Number of protein chains: 2
Amino acid sequence: MKGVLLDRALVPLATVRRSTPRRQGPDAVVDAVAATLRELDVLARSAARTVRHAGVVVPGIVDEPAGRALRAVNLGWRDVPLAAVLTRRTGLPVILGHDVRAAGTAEALVGAARGAREVLCVAVGTGVAAAVICDGRPLTGAGLAGELGHLVVAPDGDPCACGGRGCLETVASAAAVEAAYAARAGRAPAGAAEVAARVAGGDPVARAVWERAADGLATALAAATTLLGTELVVLGGGLAESGELLLAPVREGLARRLTFQRVPRVVRAELGEAAGRVGAGIAAWRAADGVPLAPVPLGRGPVGVASR
Amino acid sequence: MKGVLLDRALVPLATVRRSTPRRQGPDAVVDAVAATLRELDVLARSAARTVRHAGVVVPGIVDEPAGRALRAVNLGWRDVPLAAVLTRRTGLPVILGHDVRAAGTAEALVGAARGAREVLCVAVGTGVAAAVICDGRPLTGAGLAGELGHLVVAPDGDPCACGGRGCLETVASAAAVEAAYAARAGRAPAGAAEVAARVAGGDPVARAVWERAADGLATALAAATTLLGTELVVLGGGLAESGELLLAPVREGLARRLTFQRVPRVVRAELGEAAGRVGAGIAAWRAADGVPLAPVPLGRGPVGVASR
């Protein structure tokens, strides 16, 4: 996990990293988050600064208004009142958010989606999830919105961890690309990055795997665009590190699928892996400034953000 | 077209009907809308009432804040500044809305979706379109949101009028159900209602057509639910007149497709074909009361609505 001390203009003053003790169980992860917050607080004090508010963003299903992590399968959390627990453990006011939605808000305010009102910010990493911005507001859907990775793009496709079949995650996550390449090539690649390098080098097995991933993304994004009137797709996460190698076929696949709909632009995320913690900082500054919680129009960020 | 004079509690005081002169071109349709508004204004005056605001809802792509009908294929409109034109022609303040979104807002405020925050109100008629309510707000997506009828549910399916293939509208609209029955049975049914009656009566051809329609709806609704965290699906329009005959298989299809997602309840629309004009009335009362335009939280309706 990563933590950052951000001033009002979202300039990072200090960054800390700590491994996530997943194997030691859900409580150990909460302990580690609390320790990270305390470490940042100490760093702030040593720079004669005061932490106004802490923003913590986590994966899974998050009830933001209630400050509860309803479910995070990888961390073993089930309905943890995380904001309250962390406040008790650190003495800091804490606002809880969702990692992908927070990253999307960050891209929308200070990243690749500045000024856009209808946006899908998609994180294509181990899994696939999206922050949905519609009418200039990030949607929460009671903490459930944005599960783009579980749109079915191959009705008779592979089983998905969710219990379904042919979900986007089974063809277009970094994990799926690695697994598909390993299955076809007979040996495990050094991550999705190796598959991307082989695509660029013309390896036909890598190309087939890659095309299937881009095609799946285009199918899911076309569905989302049809429902939401999306004008801009921001792709981030591991698989998007390859840049145009992924963006170009997704763009083509979208243009091919959409008919009367506006075809969204497809761009790469700008904030990279910092997007989540910048989003956490935006949530914290909003809370410190008393801006009401979601759904918040994106224009009303902290002064330092809006004026950047 | 239908017009209604609604008091603040949305009680209808007078209703008028006028045929839509589609064949006489786009201007004639505008003339007919203006005549309908003038007729309602005369009726109001004769009852010693004053029209505070007019709400006009139309199909197609509508830019609500600008009061422009950007595109309505069936009416031949292309970027008509309808609110301004109608105000000039009638002397009434006019607010423009979208027919399906207005119907959804009406169902959400005074119909089947009262109190729900994550809703899809689906009109299954000649075409299929949805009003999307997320976080308690109707989404507009710059006038483009809600094209549920053009989610692809049969990738190698029939050509759609939109230029695509296998869109939901090609299997689950009233028109598609009639056409599919006619093609398989060798004779045209008396509307989708006859097909529904034959389903109830055990006709195997009708059953196959019906099952395909319900299955397509479930596929599209599962995708929308995955993206939006939908808790409630409200089905209206011609095909939903059959009630449980459609609702039950859609419900089953949804439950079968969703895994970790919350399975939305599926209910029938309550306001029937009046939903659009009640929605227009809500928009008009909101405008009269100075409530800001979309996205508006649904709780802030006119007093008479909120207290019903």
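None of the values given here were measured: they were computed from a predicted structure. Naming convention: chains lettered A, B, ... in sequence-line order (proteins, then strands); numbering from 1 in each chain.
- The residues B:Arg256 and B:Asp215 are annotated as salt-bridged, a charged nitrogen and a carboxylate oxygen being separated by less than 4.0 angstrom.
- A salt bridge links A:Glu64 to A:Arg101: at least one charged side-chain nitrogen sits closer than 4.0 Å to a carboxylate oxygen.
- Heavy-atom distances place no part of A:Arg257 under 4.5 Å from chain B, backbone and side chain included.
- Options A:Gly163, A:Gly164, A:Cys162 differ in how many heavy-atom pairs under 4.5 Å they form with chain B, and the most are formed by A:Cys162.
- For A:Asp156 and A:Arg165, the salt-bridge test fails: no basic side-chain N is under 4.0 Å from an acidic carboxylate O.
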Going through the distances and angles, do A:Leu139 and B:Leu139 end up as a side-chain contact (heavy atoms from CB on, under 4.5 Å)?
-> CA-CA 10 Å; A:Leu139 304 185; B:Leu139 304 184; 3.8 Å; yes
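- Comparing A:Gly141, A:Gly229, A:Gly149 by heavy-atom pairs within less than 4.5 Å of chain B, the highest count is held by A:Gly141.
- For the set B:Thr230, B:Leu151, B:Val132, the count of heavy-atom pairs under 4.5 angstrom toward chain A peaks at B:Leu151.
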